[in-house]
Amino acid sequence: MSQVRVRFAPSPTGFFHIGSARTALFNWLYARHTQGVFILRIEDTDKERNSDEFLRVIYDSLKWLGLDWDEGPGVGGGAGPYRQSERSSIYQEYLAQLRKTGRTYEKDGATYFRISGESQIIEDAIRGRVERTEEKDFVIVRSDGNPVFHLVNVVDDIAMRVTHVIRGEDHLSNTSKHTELFRAFGAPLPVFAHIPLILKQNGPGKMSKRDQGALIEEYQRRGFLPEALVNFLCLLGWSPKNDAEKMPLPEIVKLFDLPGVNQSNARFDEKKLAHMNMAYLHAMPVDHYVPLATSYLKRTGAFSGGDPDSAYLREVLALCQVKVRSLEELPPAIQYFFREDFATDVKAKEKIFGKGDPKARVRELLATLAQADFSSDATLEAWLHGVASRHGAQTADYIHPGRLAVSGVSAGPSFYGIFRVLGRERVQRRLERFLSLD
RNA sequence: GUCCCCAUCGUCUAGCCCGGUCAGGACACUACCCUUUCACGGUAAGAACCGGGGUUCGAAUCCCCGUGGGGACGCCA
């Protein structure tokens with residue numbers, strides 16, 4: 001059994017979107033599963049619509065997702081070059097072969113391929129037997145001399161010895177053109193595997209680059225975890241059949257196979273992605289999470305007033321890790337740790353002032369704050385219990401006003417955790433300020 | 001319009017190939033528990049086999065026809 005060779009062949013004519021990423025992922029998974037070769041090939045035959053910026057987006061997105069290629073731009077390989085714009089001489093050789101066998105003709109300056117008109121049958125690894133007959137001759141070289149997609153795609157698959165063509169179902173109808181060409185070249189057919197499409201989450205049709213949430217770079221910018229996105233994406237059109245969902249990548253590689261891919265299209269669900277992202281965020285070791293969160297905060301300008309003390313920042317981030325569902329929630333969730341002029345939430349204030357005498361409770365906290373042991377949540381809890389029992393009150397009578405006083409909000413980490421991380425001086429200043437609130 | 005693909009909870013899916021289980025899990029939604037906050041977590045509830053024929057003792061599962069959804073019909077890829 002010869003080695004599996006698959007390729008991902010994006011065209012740098014648009015942004016890199018969810019559907020492309022999933023196609024790349026399925027190819028990559030299959031290559032890794034079979035210990036085969038994952039080739040990156042750039043289909044840049046349409047000179048009008050290409051741009052280097054789009055090319056860079058493809059490289060960046062693939063790298064960010066962790067989809068490393070074994071052959072392709074930047075890494076080389078024996079079947080290069082891997083940009084179609086650099087492969088003209090190869091196309092000319094193959095074209096000469098077609099001309100020699102009488103399979104081409106010129107019309108209006110373009111080169112047409114003469115089809116056989118025979119029924120084209122493929123055994124799709126996902127859909128089974130699919131039969132279609134190509135009806136018309138089609139253009140393989142434009143009148144400007146540039147070869148078109150159908151030709152170069154097939155030539156490259158032959159020249160690069162691609163064994164499995166894993167691509168979106170939108171190519172299924174094109175396949176009869178491609179098999180006509182494979183046969184005209186006398187080349188064996190690769191195994192085709194047409195994967196289901198990703199449908200936009202609202203409204204009809206497949207997801208396109210203009211749809212909300214379609215662009216990979218957007219998830220990157222917003223601080224999504226690539227491992228979560230990869231895990232989510234692999235579940236769109238495939239499942240491990242054992243009810244597992246959050247799986248480490250090696251496990252996915254082990255279980256992934258073509259016959260397990262579904263035949264029906266899948267609708268994109270951002271809520272499930274968000275849930276997956278949260279699961280990964282919460283499961284992340286603190287030592288991994290802190291630098292990640294820090295770079296996200298720096299990138300989004302959260303520290304415009306200067307970088308905070310790194311040990312303090314670490315404490316804050318560790319305290320809030322399980323309180324946020326995504327990195328995007330981080331800036332508002334931690335802002336009060338880094339500024340004294342934080343706002344007091346009106347609703348929270350109304351709620352707390354509507355019951356009991358919060359200022360009196362805060363005065364009682366201040367009275368013994370100097371004796372409080374800030375070294376751990378447990379010692380602070382012991383201190384608070386002491387305060388409460390001395391005044392015949394509940395700890396909750398202090399916790400809620402206390403949290404509001406030091407954070408301005410009624411939700412967040414534990415009272416003890418906030419106090420511990422803020423430290424005695426900050427807490428004292430904020431409690432005192434609270435007493436002068438209108 | 002022609003051709004191709006598909007069809008299980010609102011969504012992602014298991015089950016289908018090899019007919020017989022209260023049709024299972026997850027997201028979302030709801031309730032409760034936990035937490036004297038908010039999340040997380042836990043428990044529970046509701047929620048689906050597109051319709052019609054056939055084959056069969058028996059059909060989500062096999063076959064046919066509808067219907068619905070998706071895709072392709074470019075000198076785009």
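Convention: sequence-line order gives letters A, B, ...; per-chain numbering from 1. Because the structure is predicted, anything quoted here is derived from the model rather than measured.
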**Q** Name the nucleic acid region contacted by A:V409, choosing base, sugar-phosphate or nothing; use a 4.0 angstrom heavy-atom cut-off, strictly under.
**A** nothing
**Q** Counting only side-chain N and O atoms of A:R167, is one of them less than 4.0 Å from OP1 or OP2 of B:A72?
**A** no
**Q** How is A:H150 classified with respect to the nucleic acid when contacts are heavy atoms under 4.0 Å: base, sugar-phosphate, or nothing?
**A** base
**Q** In whole angstrom, give me the gap between the C1' atoms of B:U13 and B:G52.
**A** 27 Å
**Q** Return yes if the base of B:A26 and the side-chain atoms of A:K272 contain a donor-acceptor N/O pair under 3.5 Å, otherwise no.
**A** yes
**Q** With a 4.0 Å cut-off, would you call A:E364 and A:R361 a salt bridge?
**A** yes
**Q** Checking all strands, does A:K323 fall into the base, sugar-phosphate, or nothing category for heavy-atom contacts under 4.0 angstrom?
**A** base
**Q** Is it true that a side-chain atom of A:H164 and a backbone atom of A:I166 form a donor plus acceptor pair closer than 3.5 Å?
**A** no
**Q** Under 3.5 Å, is there an N or O donor on one side and an acceptor on the other linking the side chain of A:T395 and the base of B:U36?
**A** yes
**Q** Can you see if the side chain of A:K136 gets near the phosphate of B:G74 - specifically, an N or O under 4.0 Å from OP1 or OP2?
**A** yes
**Q** Taking only the C1' atom of each, what is the distance from B:G19 to B:C62 in whole angstrom?
**A** 8 Å
**Q** Tell me which nucleotide, if any, is Watson-Crick or G-U wobble paired with B:A7 when both distances must be under 3.5 Å.
**A** B:U67
**Q** Under 4.0 Å, heavy atoms only, any strand: does A:S414 hit a base, just the sugar-phosphate, or nothing?
**A** base
**Q** Would you kindly give the NZ-to-P distance between A:K177 and B:C76, to the nearest whole Å?
**A** 13 Å
**Q** How far apart are the C-alpha atoms of A:T175 and A:R167, what are their side-chain angles, what is the distance that settles it, and do they pass the side chain to side chain donor-acceptor pair (under 3.5 Å) test?
**A** CA-CA 11 Å; A:T175 306; A:R167 60 186 2 174; 3.3 Å; yes
**Q** Roughly how many Å apart are B:G41 and B:A28, using the P atom of each and rounding to a whole number?
**A** 9 Å
**Q** Distance between the P atoms of B:C64 and B:C18, in whole angstroms?
**A** 15 Å
**Q** Quick one: is A:Q263 getting a side-chain N or O under 4.0 Å of the B:C6 phosphate, OP1 or OP2?
**A** yes
**Q** Using a heavy-atom cut-off of 4.0 Å across all strands, would you classify A:G109 as base, sugar-phosphate, or nothing?
**A** nothing
**Q** Measure from the side-chain heavy atoms of A:A266 and tell me the nearest of B:C75, B:A39, B:U13.
**A** B:U13
**Q** Below 3.5 Å, does any donor atom in the side chain of A:K271 face an acceptor in the base of B:C27, or the other way round?
**A** no
**Q** Taking for each residue the nucleotide of RNA chain B bearing the nearest heavy atom, is the 5' side occupied by A:S173 or by A:E245?
**A** A:E245
**Q** Suppose you measure atom P in B:U56 against the same atom in B:U61; what distance do you get, rounded to whole Å?
**A** 16 Å
**Q** Looking at B:A72, which nucleotide sits across from it as a Watson-Crick or G-U wobble partner, both distances under 3.5 angstrom, or is there none?
**A** B:U2
**Q** Anything under 3.5 Å between a protein N or O and an N or O of nucleotides 31-34 of chain B, put it in a table, one pair a line.
**A**
none

**Q** Write down the partner of B:A44 under the Watson-Crick or G-U wobble criteria, each distance required to be under 3.5 Å.
**A** B:U30
**Q** Strictly by Watson-Crick or wobble contacts shorter than 3.5 Å, is anything paired with B:U35, and which nucleotide is it?
**A** none
**Q** Which whole-number value in Å describes the distance from A:I198 CD1 to B:U11 P?
**A** 16 Å
**Q** Please give the distance between the P atoms of B:C16 and B:C75 as a whole number of Å.
**A** 45 Å
**Q** So A:M276, base contact, sugar-phosphate only, or nothing? Heavy-atom distance under 4.0 Å.
**A** nothing
**Q** Is the shortest side-chain N to carboxylate O distance from A:D211 to A:K206 below 4.0 Å?
**A** no
**Q** Expressed in whole Å, how much space separates the P atoms belonging to B:U30 and B:U35?
**A** 23 Å
**Q** Just do the salt bridge (Lys or Arg N to Asp or Glu O under 4.0 Å) check on A:R41 and A:D157 with the steps written out, would you?
**A** CA-CA 10 Å; A:R41 180 171 82 217; A:D157 283 345; 2.9 Å; yes
**Q** Which residue, A:F149, A:F192, A:F113, forms the ring pair (Phe, Tyr, Trp, His ring centres under 6.0 Å) with A:H178?
**A** A:F149
**Q** As a test of reading the structure: which of B:U36, B:A77, B:A7 is closest to the side chain of A:S264, going by heavy atoms?
**A** B:A7
**Q** May I have the step-by-step check of side chain to side chain contact (heavy atoms under 4.5 Å, CB included) for A:F337 and A:Q335, ending in yes or no?
**A** CA-CA 5 Å; A:F337 282 98; A:Q335 48 85 21; over 6 Å; no
**Q** Look at all strands and tell whether A:S143 reaches a base, only sugar-phosphate, or nothing, counting heavy atoms closer than 4.0 Å.
**A** base
**Q** Report all interatomic pairs (protein N or O, nucleotide N or O of nucleotides 42-52 of chain B) with separations under 3.5 Å.
**A**
none

**Q** Does B:C6 have its OP1 or OP2 closer than 4.0 Å to a side-chain nitrogen or oxygen of A:R127?
**A** no
**Q** Using a heavy-atom cut-off of 4.0 Å across all strands, would you classify A:E131 as base, sugar-phosphate, or nothing?
**A** sugar-phosphate
**Q** Using only side-chain N and O atoms of A:N262, determine if any of them is under 4.0 Å from OP1 or OP2 of B:A14.
**A** yes
**Q** Looking at the side chain of A:L172, which of B:G10, B:G25, B:C5 is the nearest nucleotide?
**A** B:C5
**Q** Evaluate the salt bridge (Lys or Arg N to Asp or Glu O under 4.0 Å) criterion for residues A:E245 and A:K272: first the C-alpha distance (whole Å), next the side-chain angles of each, then the deciding distance (0.1 Å), finally the verdict.
**A** CA-CA 11 Å; A:E245 297 210 325; A:K272 190 145 186 173; 3.3 Å; yes
**Q** Would you mind reading off the distance between A:N202 atom CG and B:C12 atom C1', rounded to a whole angstrom?
**A** 15 Å
**Q** Rounded to the Å, how far apart are A:D170 CG and B:G71 P?
**A** 9 Å
**Q** Where do N or O atoms of nucleotides 68-70 of chain B meet protein N or O atoms at under 3.5 Å, pair by pair?
**A**
{"unit_1": "B:G70", "atom_1": "OP1", "unit_2": "A:G205", "atom_2": "N", "d": "3.1"}
{"unit_1": "B:G70", "atom_1": "O2'", "unit_2": "A:N265", "atom_2": "ND2", "d": "2.8"}

